[in-house]
Amino acid sequence: YNFANKGWGEWNHDTAAVAAAGELKVGDVVSMSGHVWVVLGVCDDGSVVFMHSTPSDSRTGQPGGGIQIASLNPAGQDDTNCEAYKLADHYMSKYYPQWYERYAISQKSYVSYLGTSSNSNAGVFSWDLSGNALLTDPDGYADMTPTEILGDLFNDDFVPEKAEPDQPDQPDQPEEP
């Protein structure tokens, strides 16, 4: 909120409206009750790659947490068939294997992380990258996909397979005579 007051970008208290309008951008700082996270990008399927530090469920019975690449899926927290989850899974398993062995990828739902909040400090801050404020975008990340951004940051050429949409079961068709 104070960054917007300094003229460094725009603040929007209505996180749900920002998400619904497809206006989340790389570098956005999102705050919610007791938590802050940074958007790494919005994938073609609408899922969001982000980074945050949070307590995580342990695969090895050792609780804890820390900074991690994570995902938001508009289809829900339990649906890992999204581009953001695949990106987070690849980068955390390849570059942070000890973390990955201990903690699963943090996948959150839109509702839990972008739902309307009564907290007056919750919202989305978007940086002004026009060159008239504090930051610019010399690497062009504002025009890149999350796959391109992570590839550049890690010097990695991983491209996740596109998620296959769920197909409803089709009744058996009678054979033609």
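Quick note: numbers below take in every heavy atom, side chains included, and nothing from hydrogens, waters or symmetry partners.
- Once rounded to the nearest 0.5 Å, the distance linking OG of Ser109 with CG of Leu114 reads 9.0 Å.
- Nearest heavy-atom pair across Lys86 and Glu161 is NZ-O, 3.1 Å.
- A perpendicular orientation is assigned to the rings of Tyr91 and Phe158, their planes being inclined by more than 60° (bins at 30° and 60°).
- In this structure the side chain of Val18 never reaches within 4.5 angstrom of the side chain of Thr15, judged on heavy atoms.
- With contacts defined as side-chain heavy-atom distances shorter than 4.5 Å, the pair Thr60/Glu101 does not qualify.
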task = Decide side-chain contact (heavy atoms from CB on, under 4.5 Å) for Cys43 and Val48; before the verdict, give the C-alpha distance in whole Å, the side-chain angles of both, and the deciding distance to 0.1 Å.
result = CA-CA 6 Å; Cys43 301; Val48 177; over 6 Å; no
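- In this structure the side chain of Tyr141 reaches within 4.5 angstrom of the side chain of Asp152, judged on heavy atoms.
- Taking the side chain as every heavy atom from C-beta outward, Asp44 and Glu83 approach each other to under 4.5 Å.
- In the displayed structure, Gln77 atom CD is contacted under 6.0 Å by more than 12 heavy atoms of other residues, nucleotides or ligands.
- Heavy atoms only, all atoms of each residue included: Ala19 and Tyr110 are closest at CB-CE2, 4.1 Å.
- The same ILVMFWY cluster, assembled from side-chain heavy atoms under 4.5 Å apart, contains both Leu135 and Trp11.
- Shown here is Ile67, whose CD1 atom has no more than 12 heavy atoms of other residues, nucleotides or ligands within 6.0 Å.
- By the neighbour-count criterion of 12 heavy atoms within 6.0 Å, atom CD of Gln62 is densely surrounded, having more than that number from other residues, nucleotides or ligands.
- Linking ILVMFWY residues whenever their side-chain heavy atoms come closer than 4.5 Å, directly or via other members, leaves Ile69 and Val159 in distinct clusters.
- Counting heavy atoms from C-beta outward, Trp127 and Glu10 have side chains that stay 4.5 Å or more apart.
- No donor-acceptor pair under 3.5 Å is formed between the side chain of Ser112 and the backbone N or O of Lys108.
- Side chain of Arg102 to backbone of Asp57: no donor-acceptor contact under 3.5 angstrom is found.
- Under 3.5 Å, the side chains of Asn73 and Ser47 contain no donor-acceptor pair of N or O atoms.
- Under the 4.5 Å side-chain contact rule for hydrophobic residues, Phe3 and Val36 share a cluster.
- Heavy-atom minimum distance, Ala70 versus His52: CB-NE2, 3.6 Å.
- Here Asp139 contributes atom CG and Leu153 contributes atom CG; the two are 8.5 Å apart, rounded to the nearest 0.5 Å.
- Judged purely by distance below 3.5 Å, without hydrogens or angles, the side chains of Gln68 and Ser53 never pair a donor atom with an acceptor atom.
- Between Tyr103 and Ser58, the shortest heavy-atom distance links the atoms CD2-CA, 3.9 Å.
- Side-chain contact between Val124 and Leu24 is present, with at least one heavy-atom pair separated by less than 4.5 Å.
- At a threshold of 4.5 Å between non-hydrogen side-chain atoms, the residues Ser71 and Leu87 do not count as touching.
- Looking at heavy atoms from C-beta onward, Thr136 lies out of side-chain contact with Leu129 at the 4.5 angstrom threshold.
- Looking only at distances, no side-chain donor or acceptor of Lys25 sits under 3.5 Å from a matching main-chain atom of Ala142.
- Evaluation of the ring-ring contact (aromatic ring centres under 6.0 Å, His included) rule for Tyr85 yields no partner, not counting sequence neighbours.
- Counting all heavy atoms, side chain and backbone alike, Pro146 lies closest to Gly41 at CG-C, 3.4 Å.
- Hydrophobic clustering (ILVMFWY, side-chain heavy atoms < 4.5 Å, transitive): Ile105 and Met51 are in one cluster.
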ask   = When you look at Tyr100 and Arg59, which way does the side-chain contact (heavy atoms from CB on, under 4.5 Å) test go after all the steps?
value = CA-CA 9 Å; Tyr100 186 79; Arg59 295 176 176 173; 3.8 Å; yes
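- Considering every non-hydrogen atom in both Asp156 and Tyr95, the closest pair reads OD2-OH, 2.6 Å.
- Between atom CD of residue Glu148 and atom CG of residue Asp143 there is a gap of 9.5 Å, rounded to the nearest 0.5 Å.
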task = Could you please spell out the steps behind the ring-ring contact (aromatic ring centres under 6.0 Å, His included) verdict for Trp37 and Tyr113?
result = CA-CA 10 Å; Trp37 45 279; Tyr113 265 46; 5.7 Å; yes
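- To the nearest 0.5 Å, atom CD of residue Gln107 and atom CG of residue Asp78 are 8.0 Å apart.
- How far NZ of Lys6 is from CG of Asp128: 15.0 Å, rounded to the nearest 0.5 Å.
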request  = Under the ring-ring contact (aromatic ring centres under 6.0 Å, His included) rule, what do Trp8 and Phe125 come out as? Steps first, then yes or no, please.
outcome  = CA-CA 9 Å; Trp8 297 346; Phe125 173 77; 7.9 Å; no
